[in-house]
Protein chains: 2
Amino acid sequence: MEKIFYTRTGKMALGSRLRMLSSLFTEEAEKIYEQNRIPVRAKWFPVFYMLSQNEEKTITEIAQEIGHSQPSVSRIIREMTAKGLITENKKSGDKRQNRVALSAKGKTLVPRVLEQCADVHNAVEELIREATHDLWEAIEEWEFLLEQQPLSRRVLQQKKIRESSQVRIVNYEPKYKTVFRTLNEAWISQYFEMEAADIRALNHPDKYILNKGGHILVALYEEQPVGVCALIKMDDPDYDYEMAKMAVAPEAQGKNIGKLLADAIIHKAKVLGASRLYLESNTRLKAAINLYYKLGFKKLNNRPSPYKRANIQMALDL
Amino acid sequence: MEKIFYTRTGKMALGSRLRMLSSLFTEEAEKIYEQNRIPVRAKWFPVFYMLSQNEEKTITEIAQEIGHSQPSVSRIIREMTAKGLITENKKSGDKRQNRVALSAKGKTLVPRVLEQCADVHNAVEELIREATHDLWEAIEEWEFLLEQQPLSRRVLQQKKIRESSQVRIVNYEPKYKTVFRTLNEAWISQYFEMEAADIRALNHPDKYILNKGGHILVALYEEQPVGVCALIKMDDPDYDYEMAKMAVAPEAQGKNIGKLLADAIIHKAKVLGASRLYLESNTRLKAAINLYYKLGFKKLNNRPSPYKRANIQMALDL
DNA sequence: TATATTTGCATAACCAGTTATGTAATTAAG
DNA sequence: CTTAATTACATAACTGGTTATGCAAATATA
């Protein structure tokens with residue numbers, strides 16, 4: 001492969017580089033058996049090795065132990081049988097099983113294969129010593145890291161980071177009045193029903209939110225308003241503000257906008273000197289509840305609410 | 001794959017680990033396209049990327065640039081065409097060529113694919129930062145090291161090292177008389193013809209070699225004599241000894257025995273206080289001549305020889 | 001004890017690549 | 001200017017793996 005291609009596509013090429021390196025190894029392995037005149041195919045090795053550990057085994061056992069699929073082992077056994085390395089069907093009780101073992105001819109090859117195996121081991125170890133970056137350790141580590149969190153998840157996170165950087169949170173202006181109403185109407189009427197308190201607040205945000213000492217923030221993605229959230233002054237002496245009326249346009253979801261809005265609202269509350277935030281929601285809104293937990297909100301016990309849909313209430317100490 | 005299997009077979013499993021890791025990447029790549037709703041197969045990426053660099057290209061050009069075989073690109077282009085991403089056959093002069101380019105539909109996907117490509121790049125870079133062993137660098141280094149000397153060569157060297165350690169060089173004893181004769185007869189009559197001087201020396205090594213102040217060393221492999229070499233006292237004031245009658249049994253060749261014998265002979269000569277060694281040979285014996293050069297012997301100009309087959313003469317200053 | 005489920009494995013079909021092959025178009029050589 | 005060699009590419013066949021499928025044997029369940 002052209003080196004140029006790698007450097008131009010960046011780390012995206014890691015997959016194909018791995019493929020190339022692994023196919024190089026496969027080819028070389030085949031050559032090694034040839035040069036030692038061992039009549040065993042390189043790809044038989046795992047099966048051969050398991051059987052060299054003297055006991056007879058079933059196809060499925062071998063497959064599990066070497067991490068191949070059962071049909072793959074099935075075929076390798078067929079090929080090895082054709083070359084006379086395997087005695088098949090040493091039937092035990094279970095007639096479904098194909099208990100296989102190395103034939104006499106197969107057994108005579110064992111020491112040579114194991115010697116060669118040791119040579120390969122040493123050659124690889126020497127390569128590792130020669131290199132400054134330990135490929136073996138690196139693979140082990142990557143297997144672990146990718147098991148912790150698969151590449152696809154990691155890429156998704158990168159996407160969110162990238163898209164977050166294209167989001168701007170701005171203060172409410174009269175031109176966002178419609179957006180504030182429609183975005184909220186959308187999710188409320190999708191999951192629940194619009195209530196009197198909703199209609200009041202959404203139709204007259206100045207009167208019911210802003211003029212009472214509240215605030216509204218708007219999220220812009222590519223300069224278009226796609227999310228809103230309100231910080232409403234409360235009368236309750238225990239709480240300073242309520243975080244409410246958070247809505248993100250469906251087409252802009254998955255871009256971390258909810259989180260960015262909430263962060264901005266919390267920051268705003270702190271700047272305003274608040275020490276405790278309140279919110280109410282409904283457990284059907286899984287993603288939202290999840291976000292609130294991540295922000296540090298804690299569930300609290302019933303407090304009267306003007307909304308029928310509220311079945312969970314949470315608070316955050318700033 | 002069972003972790004146990006790795007640890008038991010040692011570094012031999014490197015190939016299959018690489019294969020597993022690379023197939024993991026392939027699967028994840030497919031998922032990533034899916035989760036971003038990009039209607040492009042992961043395996044199309046290299047081709048797509050090349051074409052996104054705006055110019056139209058021929059199949060073969062693409063294949064060379066991305067390092068795939070031509071039929072592989074041919075098929076990818078067919079698949080992409082079926083999905084309407086490619087406009088084919090933008091015919092230039094050469095009617096054999098299939099000049100392809102992204103269609104309008106294909107072009108609309110370019111920014112999304114490139115964005116995703118950047119996300120993958122960043123995700124991998126973060127993984128590299130997270131890991132202590134740099135997989136990317138390791139692969140690069142291994143590609144280089146294996147290009148310098150392929151794995152099969154390295155394994156061969158390991159084999160030689162292992163077998164060398166099973167070789168013992170011992171002094172001649174009367175019981176090795178037959179071996180000394182037959183091993184030498186074998187190669188002489190295979191390549192040339194036995195001459196009078198050969199027959200004398202091989203039948204009466206005591207009289208013609210040992211009693212004249214010469215020595216014979218024997219190489220044992222698994223306690224069997226498989227190689228011989230003689231150090232013959234010379235009359236010539238310019239040279240102390242001649243290294244001659246070196247022979248290794250065909251079945252024991254490739255185990256570095258020739259080298260070990262020669263080293264031992266040279267060492268013996270030094271111990272005996274010699275300062276210059278002489279040998280004669282024939283250029284048809286490529287492997288032998290090669291060995292002599294490696295030992296430091298230098299070609300010299302004609303000196304009379306009792307042997308017809310001698311067409312090259314060499315000397316080594318100790 | 002009859003029936004449903006599970007298991008072991010062979011076989012088939014698929015996959016993403018490869019090498020080998022055939023053919024038409026082009027270029028080089030006589 | 002004809003013939004030979006080369007080139008571009010599609011197609012076929014192979015490779016080393018996979019998943020899907022089907023069947024018979026064994027086990028669990030009613």
Side-chain angles (χ1 to χ4, degrees), chain A residues 1 13 15-31 33 40-48 56-82 86 88-100, chain B residues 1 13 15-31 33 40-48 56-82 86 88-100:
Chain A
M1 183 179 288
S16 67
R17 271 186 115 160
L18 276 169
R19 185 171 47 72
M20 301 239 160
L21 193 55
S22 99
S23 78
L24 183 61
F25 266 84
T26 320
E27 281 167 38
E28 286 292 302
E30 206 67 35
K31 256 191 229 163
Y33 281 92
V40 170
R41 298 288 315 276
K43 63 167 181 159
W44 298 348
F45 172 74
V47 173
F48 188 95
E56 64 177 39
K57 291 190 178 293
T58 69
I59 304 282
T60 313
E61 273 168 19
I62 298 174
Q64 281 169 354
E65 280 165 0
I66 70 173
H68 277 204
S69 65
Q70 165 266 311
S72 167
V73 174
S74 200
R75 184 155 81 210
I76 289 171
I77 290 290
R78 203 191 322 138
E79 290 171 9
M80 289 176 75
T81 307
I86 295 280
E88 236 169 322
N89 229 331
K90 298 205 165 189
K91 55 187 177 278
S92 67
D94 195 329
K95 278 171 200 158
R96 289 167 308 177
Q97 291 180 341
N98 185 0
R99 303 187 73 81
V100 295
Chain B
M1 184 177 289
S16 68
R17 271 186 116 158
L18 277 169
R19 187 172 45 72
M20 301 241 161
L21 193 55
S22 100
S23 79
L24 182 62
F25 266 83
T26 320
E27 280 167 38
E28 286 293 303
E30 206 68 33
K31 254 190 229 164
Y33 280 92
V40 170
R41 300 288 313 278
K43 62 166 184 162
W44 298 347
F45 173 74
V47 172
F48 188 94
E56 66 178 37
K57 292 190 177 293
T58 69
I59 305 282
T60 313
E61 273 168 18
I62 298 173
Q64 282 168 354
E65 280 166 2
I66 71 174
H68 277 207
S69 65
Q70 165 266 311
S72 166
V73 174
S74 200
R75 184 155 82 211
I76 290 172
I77 290 291
R78 202 187 327 134
E79 289 170 8
M80 290 176 74
T81 308
I86 295 281
E88 236 168 320
N89 229 331
K90 297 203 161 185
K91 57 187 176 276
S92 67
D94 194 330
K95 278 169 201 159
R96 290 168 307 176
Q97 292 180 339
N98 185 1
R99 303 189 72 80
V100 295

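To find a chain, count down the sequence lines: A is the first, B the second, and so on, and within it residues start at 1. Note that this is a predicted model, so its numbers are computed, not measured.
Residues A:I76 and B:T58 both approach DNA chain D. Their nearest nucleotides, taken by heavy-atom distance, put B:T58 toward the 5′ side. Across the interface with DNA chain D, nearest-nucleotide mapping of A:S72 and A:R96 shows A:S72 to be the residue nearer the 5′ end.
Atom-to-atom distance recorded for A:H68:NE2 and A:I59:CD1 is 13.5 Å, nearest 0.5 angstrom. Distance check, rounded to the nearest 0.5 Å: CZ of B:F48 to CD1 of B:I66 gives 13.5 Å. If you take CD on A:E28 and NZ on A:K31, they are separated by 4.0 Å, rounding to the nearest 0.5 Å. A distance of 10.0 Å separates CH2 in A:W44 from CD1 in A:I77, rounded to the nearest 0.5 Å.
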Q: Given side-chain contact (heavy atoms from CB on, under 4.5 Å), test A:V100 with A:I62 step by step and report yes or no.
A: CA-CA 10 Å; A:V100 295; A:I62 298 174; 3.9 Å; yes

Q: Would you please test A:I76 and A:V73 for side-chain contact (heavy atoms from CB on, under 4.5 Å) and show each step?
A: CA-CA 5 Å; A:I76 289 171; A:V73 174; 5.6 Å; no

Q.
Under the criterion side-chain contact (heavy atoms from CB on, under 4.5 Å), I'd like the reasoning laid out for B:Q64 against B:T60: C-alpha separation, chi angles, the key distance, then a yes or no.
A. CA-CA 6 Å; B:Q64 282 168 354; B:T60 313; 4.1 Å; yes

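Protein atom CZ of A:R99 is 18 Å distant from nucleotide atom P of D:dA25, rounded to whole Å. Atom P of nucleotide D:dG17 and atom CZ of B:R17 are separated by 17 Å, given to the nearest angstrom. The CE-C1' distance, from B:M20 to D:dG17, rounds to 10 Å in whole Å. What separates CG of A:D94 from P of D:dT27 is a distance of 6 Å, to the nearest Å.
At a threshold of 4.0 angstrom between heavy atoms, the contacts of B:S23 with the nucleic acid are absent. Backbone-only engagement by B:T60 is indicated by non-hydrogen atom pairs under 4.0 Å involving sugar-phosphate atoms exclusively.
Closest approach of B:N98 and B:E88 over heavy atoms only: ND2-OE2, 3.0 Å. Between B:A29 and B:A42, the shortest heavy-atom distance links the atoms CB-CB, 3.7 Å.
Rounded to 10 degrees, the angle separating the terminal axes of the helix from C:dT1-D:dA30 to C:dG30-D:dC1 is 10°, with each axis obtained from five end pairs.
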Q: Encode nucleotides 11-16 of chain D as B, S and - characters from 5' to 3', where the letter depends on protein heavy atoms closer than 4.0 Å: B to the base, S only to sugar-phosphate, - to neither.
A: B----B

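Of the candidates D:dA10, D:dT18, D:dA25, D:dA10 carries the atom nearest the B:I59 side chain, counting heavy atoms from C-beta on.
Running 5' to 3' along DNA chain C, contacts with non-hydrogen atoms of chain B at under 4.0 Å begin and end at C:dA16 to C:dT26.
Within the structure, every side-chain polar atom (N or O) of B:N98 is placed at least 4.0 Å from both OP1 and OP2 of D:dA8.
B:M20 is not listed as a side-chain neighbour of B:R17, based on a closest heavy-atom distance of 4.5 Å or more. Looking at heavy atoms from C-beta onward, B:E79 lies in side-chain contact with B:R75 at the 4.5 angstrom threshold.
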